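Written out below as structure tokens is the structure these notes cover.
Because the structure is a prediction, the values reported are computed rather than measured. Hydrogens, waters and symmetry mates are skipped; everything else that's a heavy atom, side chains included, is used. One is the number of the first residue; the rest follow in order along the sequence. Order of listing sets the numbers, starting from 1, for every ligand and every atom in it.
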Amino acid sequence: MPDADPKRRGEIKKFKPVLTATDFVLKILEHQAAARKVNLKAARIIVAGGAGVGGKENFRRVWSLANALGGDVGASRAAVDSGWIDKDHQVGQTGTTVRPALYIAVGISGAVQHRAGMSEAKKIVAINADPNAPIFQVAHYGIVGDLNRVIPMMIDAIKKRV
Ligand SMILES: Cc1cc2nc3c(=O)[nH]c(=O)nc-3n(C[C@H](O)[C@H](O)[C@H](O)COP(=O)(O)OP(=O)(O)OC[C@H]3O[C@@H](n4cnc5c(N)ncnc54)[C@H](O)[C@@H]3O)c2cc1C
């Protein structure tokens, strides 16, 4: 607080402020949605997409399956490096180690660095066009097929059950 200045003189005037309701209206100048940070460590269901998904646009299939199941989206490093999804979704040695009840690997080959982050999931389902893909070595259920055909069929089946 500044020191009092005895040389300064002032006159006290009474006044009544006239305020209307509109003077108290709050105006929202800008709306910024906070980006939701994914927390894969806490996820019960993860649908993860890899290079086999083929592109950022097609990655919506992975999001759709995750939404249908009420799960979160994970990814291989190949998908992250391609810029299809943010790094905080990466599962594996240099990503997050996850232990969900259900992990669905879509178009992911199952490299050792990826498996290091997901092999402790309670149930692993792999969808891959290549029957010899290493991901099938850790999967409890394997679907050999084109993810572009398999995912829509899975979503249809889920919708019928819910
Ligand atoms: C030091 C180091 C750290 C690493 N850390 C990680 C890590 O943390 N996480 C990680 O994931 N990787 C990591 N990697 C990279 C890892 O070695 C692999 O390169 C990467 O996991 C491969 O990703 P992917 O399986 O998506 O791609 P790919 O190996 O290219 O596999 C794509 C798969 O998609 C399948 N496919 C293609 N088209 C279709 C279709 N239409 N339908 C169904 N299946 C299809 C193919 O058969 C193939 O199996 C690391 C590597 C190094 C060297």
- Which option, Gln93, Gln90, Arg77, owns the non-hydrogen atom nearest atom 4 (C) of ligand 1? Arg77
- Which heavy atom of the protein is the closest neighbour of atom 17 (O) of ligand 1, given with residue, atom name and distance? Gln113 OE1, 2.8 Å
- Return yes or no for this condition: an N or O of Leu147 is under 3.5 Å from an N or O of ligand 1. yes
- Message: Testing the basics here: between Thr97 and Ala116, what is the closest heavy-atom pair and its distance to 0.1 Å?
- Response: CG2-O, 4.2 Å
- Nearest non-hydrogen protein atom, atom 29 (O) of ligand 1: Ser109 OG, 2.7 Å
- Message: Give me the atom names and distance for the closest heavy-atom approach of Lys122 to His140.
- Response: O-CE1, 3.1 Å
- Residue pair Asp130 / Asn128, side-chain donor-acceptor N/O under 3.5 Å: no
- Message: Looking only at protein heavy atoms, which one is nearest to atom 5 (N) of ligand 1, and what is the separation?
- Response: Thr94 OG1, 2.7 Å
- Task: Could you tell me the residue and atom name of the protein heavy atom closest to atom 22 (C) of ligand 1, and the distance to it rounded to 0.1 Å?
- Result: Ala78 CB, 4.0 Å
- Query: Counting each atom of ligand 1 from 1 as listed, which ones have a heavy atom of Ala111 under 4.0 Å away?
  - Reply: 16 (C), 17 (O), 18 (C), 21 (O)
- Task: Of the side chain and backbone of Ser76, name the one, both, or neither that has a heavy atom under 4.0 Å from an atom of ligand 1.
- Result: both
- To which protein heavy atom is atom 27 (O) of ligand 1 closest, and what is the distance rounded to 0.1 Å? Ala51 CB, 3.3 Å
- Query: If you draw a 6.0 Å radius around CZ in Arg149, do more than 12 non-hydrogen atoms from other residues or ligands fall strictly inside?
  - Reply: no
- Can you tell which of Val47, Ile104, Val106, Leu69 makes a side-chain contact (heavy atoms from CB on, under 4.5 Å) with Met154? Ile104
- Task: State whether the side chain of Arg115 and the backbone N or O of Gly110 hold a donor-acceptor pair below 3.5 Å, judged by distance alone.
- Result: yes
- Which atom of Val91 lies closest to which atom of Met118, heavy atoms considered: CG1-CB, 3.9 Å
- Message: Is Gly145 close enough to touch ligand 1? Criterion: a residue heavy atom under 4.0 Å from a ligand atom.
- Response: yes
- Which ligand 1 atoms does Gly95 reach within 4.0 Å, using its non-hydrogen atoms? 8 (O)
- Atoms in ligand 1 with a heavy atom of Gly92 nearer than 4.0 Å: 7 (C), 8 (O), 9 (N)
- Message: If the cut-off is 4.0 Å to any non-hydrogen atom of Asp130, which atoms of ligand 1 fall inside it?
- Response: 47 (O)
- Message: Check the orientation of Phe59 and Trp84. Use parallel for under 30°, tilted for 30 to 60°, and perpendicular for over 60°.
- Response: tilted
- Got an N/O contact under 3.5 Å between Gly107 and ligand 1? yes
- Message: Determine whether any protein heavy atom is located less than 4.0 Å from atom 19 (O) of ligand 1.
- Response: no
- Task: Measure the shortest side-chain to side-chain distance between Leu147 and Val62 over non-hydrogen atoms and say whether it is less than 4.5 angstrom.
- Result: no
- Query: Any idea which of Ala126, Ala105, Ala75, Ala129 brings a heavy atom closest to atom 43 (C) of ligand 1?
  - Reply: Ala129
- Using distance alone, decide if ligand 1 has a nitrogen or oxygen within less than 3.5 Å of any nitrogen or oxygen in Val91. yes
- Message: If you apply the rule side-chain contact (heavy atoms from CB on, under 4.5 Å), what do you find for Val80 with Ile85, and how did you get there?
- Response: CA-CA 5 Å; Val80 172; Ile85 188 161; 4.0 Å; yes
- Closest approach of Gly49 and Ala79, non-hydrogen atoms and distance? O-CB, 3.7 Å
- Query: What is the nearest protein non-hydrogen atom to atom 36 (N) of ligand 1, stated with its residue, atom name and distance?
  - Reply: Gly52 CA, 3.6 Å
- Just jot down the ligand 1 atoms closer than 4.0 angstrom to any heavy atom of Asp146, in number order. 40 (C), 41 (N), 42 (N)
- Given the rule in the side-chain contact (heavy atoms from CB on, under 4.5 Å) test, do Val38 and Val73 qualify, once you have shown the distances and angles that lead to the verdict? CA-CA 8 Å; Val38 68; Val73 172; over 6 Å; no
- Item | For Asp88 against Leu40, the heavy-atom pair lying closest together | O-CD1, 4.0 Å
- Which residue from Val144, Asp81, Thr96, Asn128 reaches closest to atom 46 (C) of ligand 1 through any of its heavy atoms? Asn128
- Message: Geometry only, no angles: is Gly50 polar-contacting ligand 1 at N/O separations under 3.5 Å?
- Response: no
